[in-house]
Structures are given as structure tokens and as C-alpha cells.
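Take a look at the structure below.
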Amino acid sequence: MNKKIEKILYLPNPRGFCAGVERAINIVELSLEKYGPPIYVRHEIVHNPWVVKDLESKGVIFVDELNDVPKDARVIFSAHGVASSVKDEANDKKMPFIDATCPLVLKVHIEAKKHYESGAHIFLIGHKGHPEVDGTMGQIPYDSITLVENTNDIKKIKPEEFDKVALITQTTLSVDDTARLIKNLKEKFPKLIEPPKEDICYATTNRQAAVKSIAKKCDAIYVIGGENSSNSIRLVEVASQSGCENTFLISEIKSINWDQMEDFQSIGLTASASAPEILINEFLDLFKSKFKATIKKNIIADENISFKIPKELRE
Ligand code: SF4
């Protein structure tokens with residue numbers, strides 16, 4: 001029998017599902033129980049192919065727009081949030097809906113509206129085309145908010161065009177990149193009104209800090225997460241920038257190149273806020289079957305956060 005190659009596997013914590021993702025998935029599953037399939041969900045409930053396939057197998061139909069939902073059917077809005085116009089459209093159509101927007105995204109929506117009502121022009125740091133950004137920008141008139149993606153966008157802003165300015169951000173950004181952009185904005189606008197508490201959420205911050213804590217020790221890091229997931233992509237960037245160039249985003253365990261892994265002695269494994277622990281366990285089972293594994297856990301924070309589900313599903 002071949003002797004197994006020895007490997008060290010670093011498992012940082014926190015990793016995997018956050019409270020907002022758990023709540024959103026719960027909302028869909030409880031809706032299936034209460035109302036029966038099919039249940040329509042506008043956009044992927046969270047950005048993870050495993051979660052989406054699992055819910056589809058239980059009777060969920062994911063749609064792009066409300067026009068794709070049959071009359072009288074019930075629809076759920078994804079964890080990323082929706083523009084006010086989407087809720088208005090559902091109300092106009094008398095379409096029953098349940099809002100699975102993460103409460104931490106809703107907090108940013110409230111900030112946007114408050115700043116707008118106070119007469120401030122808003123800068124939103126975020127990624128164009130991401131559903132959360134579309135939802136946040138859609139809380140207020142389009143000309144009262146400017147999306148800032150990078151330093152070039154900041155260079156183009158003319159300070160003399162604005163009297164009062166405020167800042168909000170997407171919840172799933174790179175903590176370090178965002179801090180740099182905020183610094184640049186503040187150099188241009190010393191009176192920039194900042195969020196009372198950071199908009200980047202606790203889950204994003206903790207997962208990035210956790211992967212950073214192992215990056216220098218690892219020859220390779222595997223980040224389990226969806227290819228369209230902002231959280232997942234940021235984790236890969238943070239791991240690479242923090243000392244582990246061989247960082248791979250893995251959306252399906254079957255896509256892992258196990259032969260390539262033989263070249264790496266210390267390996268890191270984490271999962272983004274929308275990736276289920278079942279995929280971590282699948283990875284671990286295969287890893288242990290192929291290598292002699294020494295597992296090292298690296299816990300950098302405890303998370304005890306949970307969010308209430310809507311009343312209609314608690315009854
Ligand atoms: S990543 Fe943060 S903002 Fe997004 S669903 Fe999770 S807790 Fe909410």
C-alpha cells in the first residue's frame with residue numbers, strides 16, 4: 001500500500017454561512033413548508049451554486065424579474081436587497097412577497113435614505129452590477145448617489161459640485177481596499193459624513209481577518225464559494241494579497257485539482273459567507289482519504305449573531 005503524503009491543513013474560523021445567509025435560506029425553506037412549491041425567488045437567494053441547486057430540487061424557481069412570476073404566485077426577494085421600485089412593482093401587481101434582504105443591507109438602505117433626506121449627495125463604494133449595489137442605489141433618486149469603484153472614480157469627482165457629502169459602502173468589500181478609498185475620498189472631502197458603524201459587515205470582516213491569519217503559513221489556500229459571490233472573490237484577493245499567491249476559488253469540490261495539491265505542503269481551507277459547511281466536510285473527507293492530514297484550527301473571532309425571520313413565517 002502506498003504511504004500517504006503528509007500535509008498540514010489550516011482551517012481558519014469564522015468561515016462559511018453568516019447570519020444573513022442563514023436567515024435568507026431559512027425564509028425560503030419555511031415558505032416552501034408553509035405555502036408549498038413552487039416558490040419563486042427573484043435572483044439567486046445567495047450567490048452559491050450548491051445552495052441554488054439544492055433549493056431548486058425542493059421546488060424553488062429562480063427568476064430575473066417579477067414579470068417572470070405567474071399571477072398570484074408568491075415571491076421572495078434575495079438577501080442582497082432590492083430597489084424600492086421592485087417592491088412598488090410587486091405592490092402594484094398585488095403580488096405577495098417576502099423580503100429576505102439581510103438586515104445589515106437594510107441598515108445601509110436606511111442610511112442612504114437619511115442622507116438623501118438631509119440634502120447630502122451620497123458616495124457609495126461598491127461594485128457596479130452587483131445586486132446589492134443596484135438595490136442600494138435604487139433606494140433614492142439616481143442623481144443623488146455616485147458609485148465609486150476605484151481611485152480613478154474618485155479622481156473624476158469635482159468637489160465644487162457638492163455642498164454636503166456622505167458615504168455608504170457595499171457590505172461585502174475588501175476591508176483594506178475600502179479603507180484606502182475612504183482615505184482618498186476624505187482627502188477630497190474633509191467633511192465627508194461616514195457611517196456611524198462600518199457598512200462592511202461583521203461576517204465579511206471576520207472571514208477576511210481569519211484567512212489573513214493563515215495566509216503566510218500556507219503554500220496554497222482553497223476558498224469555497226460561488227464565482228459570482230462578492231464575498232468569495234474578496235476572500236481570494238485578501239488571501240493572495242496577504243501572502244498566499246496560490247489561492248483558488250472553488251465553487252464545486254469536483255473541480256479541485258488534487259494532483260496539483262501534491263506540490264503544496266501546507267494548505268488552507270475556508271468558505272465564504274454564502275458557502276455551506278457541507279462543502280467543507282466534502283473537501284475534508286477527500287483530503288483525508290488522499291493525504292495524511294494534520295489539521296490546525298485558527299479561530300480569530302466568535303460569532304453569535306442571528307437574525308429574526310419575518311413574522312408571517314414564525315406563525
Ligand atoms: S455577508 Fe454580511 S451583509 Fe451579506 S448576508 Fe451575510 S451578514 Fe448580511
Side-chain angles (χ1 to χ4, degrees), residues 12-29 41-52 55 62 76-83 98-112 124-127 129-139 167-178 195-212 223-239 249 251 270-277 279-280 300-310:
N13 211 310
R15 61 166 185 276
F17 276 2
C18 61
V21 163
E22 278 187 0
R23 175 180 179 271
I25 295 171
N26 246 330
I27 287 175
V28 179
E29 289 187 329
V41 178
R42 183 182 176 277
H43 293 178
E44 293 185 354
I45 186 74
V46 300
H47 282 156
N48 186 273
W50 189 94
V51 173
V52 167
L55 291 173
F62 290 95
I76 297 174
F77 298 143
S78 80
H80 311 101
V82 291
I98 304 175
D99 190 0
T101 305
C102 175
L104 300 182
V105 174
L106 286 176
K107 175 188 94 102
V108 181
H109 289 185
I110 292 166
E111 282 169 36
L124 164 65
I125 300 181
H127 296 287
H130 190 279
E132 181 186 326
V133 165
D134 292 345
T136 301
M137 294 187 83
Q139 301 304 310
L167 170 76
I168 56 175
T169 81
Q170 195 178 331
T171 56
T172 51
L173 300 177
S174 151
V175 173
D176 296 338
D177 293 351
T178 307
K197 192 174 171 290
E198 251 195 315
D199 290 336
I200 296 179
C201 75
Y202 78 95
T204 301
T205 307
N206 287 347
R207 279 149 193 70
Q208 288 178 15
V211 85
K212 248 186 188 179
V223 175
I224 299 183
E227 280 164 12
N228 55 350
S229 150
S230 171
N231 229 293
S232 314
I233 299 165
R234 302 292 87 77
L235 271 185
V236 172
E237 288 171 359
V238 168
L249 180 60
S251 63
T270 188
S272 79
S274 47
E277 191 69 6
L279 297 181
I280 288 275
I300 63 111
D302 278 332
E303 288 182 351
N304 308 307
I305 294 176
S306 62
F307 298 127
K308 269 192 191 164
I309 52 160

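Counting starts at 1 for both ligands and their atoms, following the listed order.
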Any side-chain to backbone donor/acceptor pair from [X] onto [Y]? Under 3.5 Å, distance only.
| X | Y | answer |
| --- | --- | --- |
| T204 | T171 | yes |
| Q208 | V175 | yes |
| E237 | S174 | no |
| R23 | A19 | no |

* Asked: Among protein heavy atoms, which sits nearest to atom 3 (S) of ligand 1, and what does the distance come to when rounded to 0.1 Å?
  ->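 It is T171 OG1, 3.3 Å.
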* Please report which non-hydrogen protein atom sits nearest to atom 2 (Fe) of ligand 1, along with the residue it belongs to and the distance in Å to one decimal place. =>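 Going atom by atom, the protein heavy atom closest to atom 2 (Fe) of ligand 1 ends up being C201 SG, 2.3 Å.
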* Asked: Relative to atom 8 (Fe) of ligand 1, which among S78, C102, A100 owns the nearest non-hydrogen atom?
  ->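 Shortest heavy-atom distance from atom 8 (Fe) of ligand 1: C102.
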* From CD (E111) to NZ (K197), nearest 0.5 Å ->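 Rounded to the nearest 0.5 Å, the CD-NZ separation comes out at 10.5 Å.
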* Asked: Got a sec: is C18 within less than 2.8 Å of atom 2 (Fe) of ligand 1 via an N/O/S atom?
  ->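 Short answer: no, not a single N, O or S atom is under the cut-off.
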* To do: Under 4.0 Å, heavy atoms only, figure out whether ligand 1 is touched by the backbone of N231, its side chain, both or neither.
  =>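 Just the side chain.
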